[in-house]
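Reviewing the structure listed below.
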Amino acid sequence: GLDNPYYLDVNPKKVEEIRELLESRDPMRKFEAMKRTFGLISKGLNVSELFPSVVKSIITPSLDVKRLVFQYIVHYAEVNPDLCLLCVDKLHKDIVENPNALVRALSLRVLSSIRSRDIVHVVARDVQKASTDSSPFVRKAAALAIPKIVSLEPDQKDSMIECIVSLLRDNTTLVLGPALFAFSEICPDRWDLLHPHFRKLCHLLVDLDEWSQTITLRVLLHYTRSQFVNPMSCPPPDAPRDAAAEAASSNASGPAGGEPKKEKKGFYDDVDAFFGKPAAPAGADGDKTKKEDLYSAAEMDPDHRLLLRSVQPLLLGRNPAVVLGVAALYFYAAPEADFTQAVRALIRLTYESPEVAAVALQSIAVMAAARPVPFAPFVKDFFVRVTDSAAAKLLRLDILTRIVNDTNVRSILREFEAYVYMADKAFVSATIRAIGRCAVVCPEMTESCLQGLLGLITARDENVVGEAVVAIKNLLQQSPRDQDNSRIIRHMAHILPDTRIPLARASIVWVMGEYCASLRDIGPDSLRVLVKGFCEEATEVKMQILNLAVKLYLDQPDKTGLLLQHALNLARYDMAFDLRDRARFFRALIFDGATPALSGSLNALFRSEKPRPEVAPVDANSSTTRYTLGSLTHIVGRPVAGYEPLPAFPLVAPDPSVRIPAASMAAMSQPAPWEQQGGGGNKYAGLDKNSAIPASNAPAPDPT
């Protein structure tokens, strides 16, 4: 094998030995030469000097040698397209005449990889011929070559669309995936080409390979958003239809006041639980009530419902890209009751490799921001783990703050208590912000959160103290005005001299000014200390000192009048022009009386009730909804070439009859037996059209 060091020898003499082996007529010697060639390529060496000798080996009857020769040509097709022109005739001949389907497919792949406009018309003709080849391998190669041709010669787009139409008619799963890939690259908005094949794609989706499933899910998601109305307003498909259905389901648990009857667990009950679906209830007579009799989703288009049912088995797949594609389809194009089925599969991805878990957590953060209820029962699965990276920890914190509710808030706060003592100070700061968010969502836990945050104010790390102060300030703003918070405010005023973070100092000064009525005894002295060090403070702290001075002046003018004038004089000569402007405005408003109408309403201007602030998420970048989930653009956070945003749902649903296959339309256009006229008598004469053909003998619809 190539793991042998002999093949990795970079001695220049070895290149000449390889050339001699390539000139040999023995297929085994040629095969040995190609193995050595790829050994040198793996070391990063340029062996394009062997190109003429390699091209001569293309006529060898050995399939193993042909594969390596084709791979060599593809490797140098992008960087040296002129050299590849030497083998165009042989490749074209193999595509047309070679009886081996694998050789035809490989030849077409190599020919389409040569980026030369001189042969694009030859490649286009070969693709048109290969799109009707009897072998699915050749048709697959033709589908994959279509985007290469159009990117090199846009004038060939119309002819390539005809090939796509032909390939979409194919019922082979090996061809459908590449055909949809070509469709998404060449004409992603030509839904008229996809209409007659929509139901076929839904039925064959589970049989496609994983790469094709990923492409198909992306195409079908865009199709759903443009061809069906918004299903978010539809009733959930598992909701009881009427009171009779509710009674039937309630009777399944046995007589009123009695214990529910224990049923034997079925083989597929675990699968239903995985999808978040309740087991079908048993009727009073012991028979299972059919789901179709209990539930109805008539408001949703049948084709839309067909798609949602067809993608459900893919949630059990092993490929994370497929699972995430199904979850994105449920998130963007299904009611919340259907989206619940994808929650367990998404959580399973968080236990995969760190790379897969990071992408899954990033997607869950967006989904939990819009639909937190389905994720709430799985709160323990989002607790931070020791092996998580710093970014994964922040994502888990953000998810926990999104799904917090009255039921799980206590367990989440207990988990946060352990996080605040971790060594990672950045993560501790994020945890403090998360505690503040939990208190905002669950007001009954505000007092407990305040007590915990007050304990963090005495921490040694200044960043932790700063985050705790900012969180306390936000919680005080969320609390009612008549609530007694004097003890907390006095404690914050007491720690102000030891606080060094400008944002934390500004927050404490703001709290002191907003609740100055609780500081009538220590307020003037605190202002004196702040004004004394006014020149050494940061600009945002100076702003709040001016506000504090004005508010204390309105409450105690005899004790703080001179302090206010001194602060205004200091701000008059400050470097920050915003601060100078504010000082001039305050002086004119309070002392000069330039605007009597405003001067008489100072309390309304400075001491009015402030609106409650919106608490920012723990990770501002995690819950962005600007880009489609599962796309590379969403992962990197910026637009990437080839990204197509999701279209909006139409207000009026397009005509659903366009999705009826052509064969079914032809059958429907023929007159029914009871409508036929002619001699010899009609054996269906006098029969009702509903009784002419029994339902059990009716022909099944065409699955395509």
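Remember, it's a predicted structure, so these values are computed and weren't measured experimentally. For the numbers below, each heavy atom of this structure counts, side chains included, while hydrogens, waters and symmetry mates do not.
Looking at every heavy atom in both residues, A130 comes nearest to A142 through CB-CB, 3.8 Å. Minimum interatomic distance between I403 and V379 (heavy atoms only, all atoms of both residues): CD1-CA, 4.1 Å. Across all their heavy atoms, R104 and I95 have their closest contact at CD-O, 3.4 Å. Among all heavy-atom pairs drawn from D170 and K200, the shortest one is O-NZ, 3.1 Å. Of all non-hydrogen atoms in S310 and P313, the two that sit nearest each other are O-CD, 3.3 Å. Of all the heavy atoms in L217 and G325, the pair that sits closest is CD1-C, 4.0 Å.
The 12-atom threshold is exceeded at CZ of R225, counting heavy atoms of other residues, nucleotides or ligands nearer than 6.0 Å. Heavy-atom neighbours of R385 CZ from other residues, nucleotides or ligands within 6.0 Å: above the threshold of 12.
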ask   = Which is it for R371 and T340 under the side-chain contact (heavy atoms from CB on, under 4.5 Å) test, yes or no, and what are the steps along the way?
value = CA-CA 10 Å; R371 295 180 173 181; T340 307; over 6 Å; no
message = side-chain contact (heavy atoms from CB on, under 4.5 Å), that's the test. Do V127 and S112 meet it? Break it down for me.
response = CA-CA 9 Å; V127 167; S112 62; 5.7 Å; no
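Remark: L180 CG to H197 NE2 distance equals 9.5 Å, nearest 0.5 Å. Rounding to the nearest 0.5 Å gives a distance of 8.5 Å between CG of L111 and NE2 of H92. Taken to the nearest 0.5 Å, the CD1 atom of I161 stands 14.0 Å off from the OG atom of S166. The distance from atom CG of L205 to atom CG of L307, rounded to the nearest 0.5 Å, is 8.0 Å. Distance check: M300 CE to D338 CG gives 6.0 Å after rounding to the nearest 0.5 Å. A distance of 12.5 Å separates CZ in R305 from SG in C202, rounded to the nearest 0.5 Å.
Judged as a side chain to side chain donor-acceptor pair (under 3.5 Å), and not counting sequence neighbours, the contacts of H121 are Q156. Scored by the side-chain contact (heavy atoms from CB on, under 4.5 Å) test, V652 finds no partners at all (sequence neighbours excluded). Qualifying side chain to side chain donor-acceptor pair (under 3.5 Å) partners for D155, counting only residues two or more places apart in sequence or in other chains: none. Contacts of Y643 classified as ring pair (Phe, Tyr, Trp, His ring centres under 6.0 Å), with partners at least two apart in sequence or in another chain: Y627. P136 pairs by the side-chain contact (heavy atoms from CB on, under 4.5 Å) definition with R139, T172, L174, V175, not counting sequence neighbours. Not counting sequence neighbours, the partners of S212 by the side chain to side chain donor-acceptor pair (under 3.5 Å) test are D209. In this view, F339 and F331, F375 satisfy the ring pair (Phe, Tyr, Trp, His ring centres under 6.0 Å) rule, not counting sequence neighbours. Taking D89 as the reference, nothing meets the side chain to side chain donor-acceptor pair (under 3.5 Å) condition, with sequence neighbours excluded. With sequence neighbours left out, the salt bridge (Lys or Arg N to Asp or Glu O under 4.0 Å) criterion links K93 to no other residue.
In this structure, R348 contributes its side chain and L315 its backbone to a donor-acceptor pair below 3.5 Å. Between the R396 side chain and the D381 main chain, a donor and an acceptor come within less than 3.5 Å of each other. Looking at T350, its side chain never comes within 3.5 Å of a backbone N or O of L346 through a donor-acceptor pair. With Q128 contributing its side chain and E162 its backbone, the two residues share no donor-acceptor pair below 3.5 Å.
Between H304 and F228, the ring-plane angle classifies as parallel under the 30° and 60° cut-offs.
Side-chain contact between V311 and L220 is absent, with no heavy atoms from C-beta onward closer than 4.5 Å. The shortest side-chain heavy-atom distance between W191 and V658 does not fall under the 4.5 Å cut-off. Contact annotation: the side chain of T633 never approaches that of T628 to less than 4.5 Å [non-hydrogen atoms, C-beta and beyond]. Proximity of C87 to I73: side-chain heavy atoms (C-beta onward) are separated by under 4.5 Å at one or more points. E210 has its side chain within reach of R318: a pair of non-hydrogen atoms, C-beta onward, lies under 4.5 Å apart. Proximity of R199 to I660: side-chain heavy atoms (C-beta onward) are separated by under 4.5 Å at one or more points. Counting heavy atoms from C-beta on, the side chains of R402 and F382 never come closer than 4.5 Å. With contacts defined as side-chain heavy-atom distances shorter than 4.5 Å, the pair I41/F38 qualifies.
Looking only at atom types and distance, the side chain of D133 has no donor-acceptor partner in the side chain of S135 under 3.5 Å away. Donor-acceptor pairing under 3.5 Å is lacking for the side chains of H222 and Y332.
Electrostatic pairing of K90 and D94 counts as a salt bridge here, judged by a charged N lying under 4.0 Å from a carboxylate O. Salt-bridge formation is not detected for the pair R218/E644: no Lys NZ or Arg NE/NH1/NH2 atom is positioned less than 4.0 Å from an Asp or Glu carboxylate oxygen.
Sorted by first then second residue, the ring pair (Phe, Tyr, Trp, His ring centres under 6.0 Å) pairs that include residues 132-181, not counting sequence neighbours, are F181-W211.
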Distance-only check: which donor-acceptor pairs under 3.5 Å involve side-chain atoms of residues 144-153, not counting sequence neighbours?
from, atom 1, to, atom 2, distance (Å)
K148, NZ, S113, OG, 3.4
S151, OG, R115, NH1, 3.2
S151, OG, R115, NH2, 3.4
S151, OG, P147, O, 3.1
S151, OG, K148, O, 2.8
E153, OE1, R117, NH2, 2.8

Side-chain donor-acceptor distances from residues 59-71 under 3.5 Å, at least two apart:
from, atom 1, to, atom 2, distance (Å)
T60, OG1, S62, N, 3.4
K66, NZ, I58, O, 2.6

